[in-house]
Q: 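My structure is below; once you've seen it, I'll send some questions.
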Amino acid sequence: MEPRPTITDPSVQSAGRAAARYDRRGHERRQSTTPLVSVVIPTYNEADNVPILVGRLEKALSDIDYEIIVVDDDSPDLTWQVAEELATEQSRLSVIRRTEARGLSSAVMAGFAAASGRTLAVLDADLQHDERILPDLVGAIVDDGADIAVGSREAPGGSYGEFGPWRRFVSWGGAQLARVMLRTPVNDPMSGFFVVSRDRYDLVHERVNPKGFKILLEFLVSGPAPTVTEVGFTFGQRLHGATKLTGSVVVAYLMALLELAGGRFVTARFSAYAIVGLSGVLVRSSVLILFGSLSGAVWWLAIEAAVLWNYWWNNRFTFNAYRQRGTAALVGLAKFHGVAAHGVLVATSASALVIDLVGSESLPVRAVATLAGLALATVGNYHLNRSITWRALPA
Ligand code: GDD
Ligand code: MN
């Protein structure tokens with residue numbers, strides 16, 4: 001461990017001294033001073049972990065003025081109650097119990113909104129994030145002027161710990177996608193462990209879209225490019241309870257990436273649909289190449305393979321929120337076929353029309369006509385599939 005950073009900002013030091021004047025009961029203290037860091041802990045079924053984490057935070061932050069805010073979404077295991085009991089002993093701790101809203105990112109945003117610190121930190125309750133680097137993260141902002149400091153598994157000194165190959169791959173893949181699509185220079189943009197400066201928070205919080213697991217990305221890509229410091233840490237094993245990062249969260253993450261990357265022009269769902277459509281074209285070509293013939297049967301086989309492929313991926317990805325299973329999937333698949341047939345009609349007739357209008361059958365004209373027909377059919381089919389096949393709400 002490197003030595004803790006010294007806090008040089010004079011306003012912060014005086015805030016710290018003011019804090020010391022109040023006794024351990026503390027409520028007045030929180031109102032009348034600005035802690036150097038507000039640590040937000042989002043929790044869902046973390047009753048066993050919270051007391052341990054709070055104890056570790058007290059130790060790690062003993063040299064700086066801090067507050068801790070637990071944001072619990074009415075956990076069935078009564079995490080909020082455990083936290084509230086702790087808060088009667090620990091005046092720096094407060095608890096937000098949400099009974100309506102749900103979700104990790106929105107919980108973090110609720111905690112940030114209630115926070116009064118000069119810097120705003122978030123870490124998981126399950127002890128996977130090493131709280132001992134928190135002073136370094138805070139120091140990177142207060143002493144070195146960074147806008148965001150990230151607890152990073154990719155920075156020197158960091159590692160994925162005992163992550164299995166699959167989780168490691170998912171995290172790595174997500175990070176690479178984010179880096180390419182959003183051009184963020186951060187090596188671990190998926191980290192759920194980070195600190196933002198109050199200035200950065202004020203600048204971008206209204207633009208943050210509190211969906212899914214990618215809250216750090218929002219702070220990185222909204223607004224002007226931030227100065228970022230990454231501090232390595234080893235990702236620990238979850239101590240108690242289970243992860244909430246399931247397949248659907250990965251899908252939500254991909255959708256959110258699409259939205260962040262292109263959401264200003266088209267909806268994330270349409271982008272997903274178009275990507276699936278393109279992959280279907282590849283499937284169709286592969287079947288044709290594989291069977292090396294253009295006989296009628298192979299031609300139909302190739303189309304059918306692409307339709308099945310597209311349905312599966314649209315069901316699992318594009319329209320994941322409306323995913324069909326069992327009989328509903330069979331009905332959906334039938335409808336999807338109907339829409340696909342309609343699309344073929346639209347695409348061929350639109351391209352015929354273009355060729356007709358231009359009055360030439362040269363290769364470039366045919367290519368443009370085909371693309372125009374495909375684009376039209378894609379947009380049309382998207383809307384039909386949305387309203388008929390999946391009956392999805394707009395967006
Ligand atoms: N309030 C609230 N509401 N908290 C939640 C919710 C929710 O709906 N879902 C999860 N949490 C809390 C958990 O209780 C935990 O403290 C923290 O958010 C992270 O949830 P985990 O379920 O432990 O996530 P993970 O360990 O699989 O994922 C971690 O690593 C990812 C990258 O590999 C998180 O840090 C992610 O943010 C990160 O992207
Ligand atoms: Mn976790």
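Start at 1 and go down the list; that is how both ligands and their atoms are numbered. Quick caveat, the model's predicted, so the values are computed rather than measured.
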Q: Which residue is it: Ile303, Val283, Leu333? I am looking for the one with a side chain to side chain contact (heavy atoms under 4.5 Å, CB included) to Leu308.
A: Leu333

Q: Is the cationic atom of Arg102 (NZ for Lys, CZ for Arg) positioned less than 6.0 Å from the six-membered ring centroid of Tyr44 and within 45 degrees of its normal?
A: yes

Q: Quick check on contacts: which atoms of ligand 1 are under 4.0 angstrom from a heavy atom of Ala107?
A: 1 (N), 2 (C)

Q: When you check the side-chain N and O atoms of Asp199 and Ser197, is any donor under 3.5 Å from an acceptor?
A: no

Q: Show which atoms of ligand 1 fall inside a sub-4.0 Å distance from at least one heavy-atom site of His129.
A: 35 (O)

Q: Within a distance under 4.0 Å of any heavy atom of Val71, pick out the atoms of ligand 1 and give their elements.
A: 1 (N)

Q: Taking atom types as modelled and ignoring hydrogens, do the side chains of Ser351 and Arg366 form a donor-acceptor contact shorter than 3.5 angstrom?
A: no

Q: Judging by distance only, is a nitrogen or oxygen of Glu46 under 3.5 angstrom from one on ligand 1?
A: yes

Q: Examine the side chains of Trp309 and Ser279 and answer whether a donor and an acceptor come within less than 3.5 Å of each other.
A: yes

Q: Please indicate whether any nitrogen or oxygen in Asp124 is less than 3.5 Å from any nitrogen or oxygen in ligand 1.
A: yes

Q: With heavy atoms only and a cut-off of under 4.0 Å, state how Arg97 meets ligand 1: side chain, backbone, both or neither.
A: neither

Q: Which part of Asn49 is near ligand 1, with near meaning a heavy atom under 4.0 Å away: side chain, backbone, both or neither?
A: neither

Q: Find, among atoms of Asp126 that are N, O or S, the one nearest to the Mn ion (ligand 2), and state its name.
A: OD2

Q: Is the positively charged end of Arg92 above the ring of Tyr66, judged by distance under 6.0 angstrom from the centroid and angle within 45° of the axis?
A: yes

Q: Which atoms of ligand 1 have any heavy atom of Thr43 under 4.0 Å away?
A: 1 (N), 2 (C), 4 (N), 14 (O)

Q: Consider only side-chain N and O atoms of Asp73 and Trp80, and report whether a donor and an acceptor are under 3.5 Å apart.
A: no

Q: Find the distance between CZ (Phe219) and CZ (Phe112) and round it off to the nearest 0.5 Å.
A: 5.5 Å

Q: Going by atom types alone, do Tyr273 and Asn385 pair a side-chain donor with an acceptor below 3.5 Å?
A: yes

Q: Any nitrogen or oxygen of Met190 lying under 3.5 Å from a nitrogen or oxygen in ligand 1? Just yes or no.
A: yes

Q: Run the numbers for me: atoms of ligand 1, each under 4.0 Å from some heavy atom of Asp126, listed by number.
A: 23 (O), 26 (O)

Q: Under 4.0 Å from any heavy atom of Gln128, which atoms of ligand 1 are there?
A: 23 (O), 26 (O)

Q: At under 4.0 Å between heavy atoms, which part of Arg98 makes contact with ligand 1: side chain, backbone, both or neither?
A: neither

Q: Going by the closest heavy atom to atom 11 (N) of ligand 1, which one wins out of Asp73, Leu104, Val122?
A: Leu104

